[in-house]
There are 4 protein chains.
Amino acid sequence: MRQQKPKYKQIIDAAVIVIAENGYHQAQVSKIAKQAGVADGTIYLYFKNKEDILVSLFQEKMGVFIEKIRSEIAGKTSSAEKLYLLVEKHFTWFAEEPHLAIVTQLELRQSNKDLRLRINEVLKGYLDVVDEIIQSGKRAGEFRESLNLRLTRQMIFGTIDEMVTTWVMNDQKYDLVATAKEVHELIVSGCGNH
Amino acid sequence: MRQQKPKYKQIIDAAVIVIAENGYHQAQVSKIAKQAGVADGTIYLYFKNKEDILVSLFQEKMGVFIEKIRSEIAGKTSSAEKLYLLVEKHFTWFAEEPHLAIVTQLELRQSNKDLRLRINEVLKGYLDVVDEIIQSGKRAGEFRESLNLRLTRQMIFGTIDEMVTTWVMNDQKYDLVATAKEVHELIVSGCGNH
Amino acid sequence: MRQQKPKYKQIIDAAVIVIAENGYHQAQVSKIAKQAGVADGTIYLYFKNKEDILVSLFQEKMGVFIEKIRSEIAGKTSSAEKLYLLVEKHFTWFAEEPHLAIVTQLELRQSNKDLRLRINEVLKGYLDVVDEIIQSGKRAGEFRESLNLRLTRQMIFGTIDEMVTTWVMNDQKYDLVATAKEVHELIVSGCGNH
Amino acid sequence: MRQQKPKYKQIIDAAVIVIAENGYHQAQVSKIAKQAGVADGTIYLYFKNKEDILVSLFQEKMGVFIEKIRSEIAGKTSSAEKLYLLVEKHFTWFAEEPHLAIVTQLELRQSNKDLRLRINEVLKGYLDVVDEIIQSGKRAGEFRESLNLRLTRQMIFGTIDEMVTTWVMNDQKYDLVATAKEVHELIVSGCGNH
DNA sequence: GATGAATGAGTTTTCATTCAT
DNA sequence: AATGAATGAAAACTCATTCAT
């Protein structure tokens with residue numbers, strides 16, 4: 001685990017604000033340092049380089065979120081319910097951290113392919129949770145036995161991610177959390193009429 | 001309508017190749033010019049600036065694709081079939097233009113927010129097709145009457161987009177088109193077991 | 001003498017307008033060509049290069065002006081009167097051609113040293129007129145015998161030129177011609193109280 | 001007040017040399033940096049942009065000169081004597097700083113109108129000194145009561161400036177300071193024969 | 001640990017000029 | 001004579017990172 005000195009967190013929180021408010025390309029290290037109340041050079045005592053701030057930021061925030069999700073769904077037996085909690089908590093998380101939503105949905109994607117591969121590593125933990133829900137659903141007979149794990153995971157993640165991105169691109173001006181129920185319904189039942 | 005002189009298309013095709021092979025940030029105008037077999041300055045006779053190459057590229061390619069989709073689904077009566085064609089053609093399109101897939105799924109997203117808003121304008125035409133399929137499905141009773149148009153559209157687009165992105169991130173090493181049937185099934189029926 | 005084809009004059013007149021209205025650095029050859037109603041390439045049938053337009057412009061306009069001055073002072077016997085006419089005609093000239101005033105006083109000076117040396121060649125004809133006035137004044141006993149020709153010429157030209165430049169820098173908002181009498185007085189009598 | 005660190009002055013002195021020797025358009029920032037013995041980027045820690053180097057250079061040099069003039073004429077009672085000192089010191093200044101003479105008389109004028117307006121701001125301080133001399137001369141009865149302040153100031157400045165410019169354009173090959181007495185005489189008495 | 005002054009690599013875009021038609 | 005599409009050289013400025021203090 002990384003150093004937990006206060007400045008480490010200060011810098012990450014500063015980065016979220018600076019990137020959300022200025023955009024990725026206008027989020028200079030010096031701006032982040034100023035927002036964090038440290039000198040430019042200090043950043044490099046806690047992070048290898050600028051890219052490392054971004055990855056660490058995502059790791060830190062996503063890590064906490066994944067833990068929260070895991071503990072939320074731990075007690076539930078129904079996979080549909082677990083899936084609902086995943087969607088609802090995901091939406092609630094970003095609704096409560098609008099700056100972070102901008103950073104993850106818009107700004108972080110402006111990074112290069114290498115960075116995105118590292119981000120995908122972090123995302124792996126989230127996708128594992130999705131996989132577990134799908135597997136348990138299949139075992140319990142709630143979900144179709146024939147589901148392709150990888151495709152289903154991508155459908156779920158793609159849907160949720162697109163919902164959040166569209167909401168952010170629309171300046172977060174409608175109630176994202178309120179859509180959780182319908183989104184969950186779409187994922188479980190698709191658009192078909194059974 | 002833009003000029004249809006060969007050089008306009010030459011430059012766009014060169015841009016696709018150069019961006020796909022070098023990445024967005026290493027795709028210098030001079031590299032594109034060289035690939036297109038024109039002088040650097042010639043680029044600026046056909047495009048306002050570098051960003052304009054990207055938007056034009058997306059417009060040009062997506063425009064043609066949308067027309068193709070529209071004509072494909074024109075004769076079909078079943079909405080499920082239309083939806084299947086949408087997925088299958090989408091996957092086939094990118095499978096046949098691997099360079100373009102890299103550009104749209106990875107490189108183009110590294111652009112700034114402004115550019116992405118302009119890209120969304122182009123995407124609008126695609127989403128309109130999705131909307132029309134959903135609407136016709138609802139009218140025909142194939143799809144649930146209660147479907148929220150916007151959310152359903154986002155579920156469909158998010159799923160398809162995520163499939164293509166994952167495939168590209170995995171170096172296009174599996175058969176994307178082969179997944180079309182299952183993806184279609186997921187969209188129509190969700191992951192639930194009815 | 002240069003070609004007197006209509007396009008030659010068209011281009012020079014266009015250059016005066018374009019340079020005055022856009023400034024030297026924004027007066028592209030293509031803009032001048034457009035204003036003159038000819039193709040870019042046509043410019044090069046009448047002028048060696050862009051710099052040549054400027055020198056020719058100055059030659060053409062200044063040449064006509066010098067002739068006018070010469071004929072004006074031809075009949076006068078008093079040197080003071082000749083000097084007055086020089087000042088008054090100079091001011092009147094620019095007051096009647098405000099675009100040209102901007103070009104000669106501000107924009108033409110943004111050129112490089114080489115161009116300015118060529119412009120000085122043209123100016124030589126003007127300074128000759130000044131010299132002749134000084135010489136005749138000395139011969140007639142109107143001006144001090146001890147006057148240093150070169151310095152006196154520079155004093156006269158420097159004063160007149162500074163008056164016009166200041167007037168142009170102040171957006172030509174006061175009546176330049178109205179100052180001719182006082183300026184003449186300053187040149188003849190200096191600021192001393194005799 | 002600007003920083004007085006050695007680098008600020010180093011860069012200004014380097015700029016004077018590089019601009020004088022290469023001309024304004026060939027005085028690239030990298031050339032100035034090299035001459036100053038600093039990195040290109042360091043220039044931008046001390047100056048907003050390239051134009052700012054020029055304005056600062058003129059401010060710095062002219063500011064010092066104006067102070068010198070003021071202290072020189074402070075003890076004098078005769079306005080003619082003050083005026084003589086102004087001319088003589090002005091000529092001596094440039095004779096002692098031939099590089100600076102080239103820069104102010106030729107190269108600085110190649111700048112655009114905006115820059116010249118900023119330069120005029122600096123020049124204001126010089127013209128104030130001229131005004132004070134004229135006013136004191138009028139009060140003491142040395143100069144004509146009827147003198148128009150603005151015109152007289154322009155006559156004096158225009159004359160001095162033209163003398164220096166001509167001298168620079170002639171490659172400083174004669175003794176400028178030696179002309180001070182005659183120039184002063186011209187300004188005070190004009191070319192008339194009283 | 002903390003600082004912040006200094007570094008220097010790297011790229012888009014403009015525009016005078018040419019020349020095939 | 002006239003055109004105008006094509007050329008390609010050239011430079012200011014930013015900003016992630018370092019390192020002496």
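In the text below, chain A, chain B and the rest are named by the order of the sequence lines, each starting its count at 1.
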Of the listed nucleotides (dT3(E), dT7(F), dT3(F)), which one gets closest to any side-chain atom of Ala39(B)?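 So the side chain of Ala39(B) is nearest to dT7(F).
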
If we only count heavy atoms from C-beta on, is the Glu97(B) to Val16(B) side-chain gap below 4.5 Å?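 Glu97(B) vs Val16(B): side chains apart.
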
Working to the nearest 0.5 angstrom, can you tell me the gap between [X] [atom1] and [Y] [atom2]?
X         : Y         : atom1 : atom2 : result
Gln110(B) : Leu115(B) : CD    : CG    : 11.5 Å
Gln28(D)  : Ile19(D)  : CD    : CD1   : 11.0 Å
Thr104(C) : Leu100(C) : OG1   : CG    : 5.5 Å
Leu54(A)  : Ile32(A)  : CG    : CD1   : 7.0 Å

Starting from [atom2] on [N], measure out to [atom1] on [X] and report it in whole angstrom.
X        : N       : atom1 : atom2 : value
Tyr46(B) : dT12(E) : OH    : P     : 20 Å
Ile43(D) : dG8(E)  : CD1   : P     : 13 Å
Lys31(D) : dA12(F) : NZ    : C1'   : 14 Å
Gln10(B) : dA5(F)  : CD    : P     : 16 Å
Asp52(D) : dA12(F) : CG    : P     : 14 Å
Tyr8(D)  : dA5(E)  : OH    : C1'   : 18 Å
Leu45(A) : dG4(E)  : CG    : C1'   : 12 Å
Ile32(D) : dA11(F) : CD1   : C1'   : 12 Å

How sharply is the helix from dA2(E)-dT21(F) to dT21(E)-dA2(F) bent, taking the axes over five pairs at either end and rounding to 10 degrees?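 Answer rounded to 10°: the end axes differ by 0°.
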
What string of B, S and - do you get for nucleotides 13-21 of chain E, 5' to 3', if B is base contact, S is sugar-phosphate-only contact and - is no contact with any protein heavy atom under 4.0 Å? BBSSBB---

Give a yes or no on whether the backbone of Asp52(D) and the side-chain of Asn49(D) come within a donor-acceptor separation of less than 3.5 Å.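 At least one qualifying donor-acceptor pair exists.
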
In terms of the angle between their ring planes, are Tyr126(A) and Phe65(A) parallel, tilted or perpendicular, with boundaries placed at 30° and 60°?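 Parallel: the ring planes of Tyr126(A) and Phe65(A) meet at under 30°.
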
Ring geometry between Phe47(D) and Tyr8(D) (parallel below 30°, tilted from 30 to 60°, perpendicular above 60°):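 It falls in the parallel class, under 30°.
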
Closest-nucleotide mapping onto DNA chain E: is Gly37(A) or Gly37(D) further toward the 5' terminus? I mean the 5' end.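 Going by which nucleotide is closer to the 5' end, it is Gly37(A).
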
Looking at Tyr24(B), is Lys50(B) sitting on its ring face, NZ or CZ under 6.0 Å from the six-membered ring centre and within 45 degrees of the normal?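 Yes, Lys50(B) lies over the aromatic ring of Tyr24(B).
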
Please confirm whether the shortest side-chain N or O distance from Lys34(A) to OP1 or OP2 of dG4(E) is below 4.0 Å.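 Checking dG4(E) against Lys34(A), no side-chain N or O comes under 4.0 Å of OP1 or OP2.
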
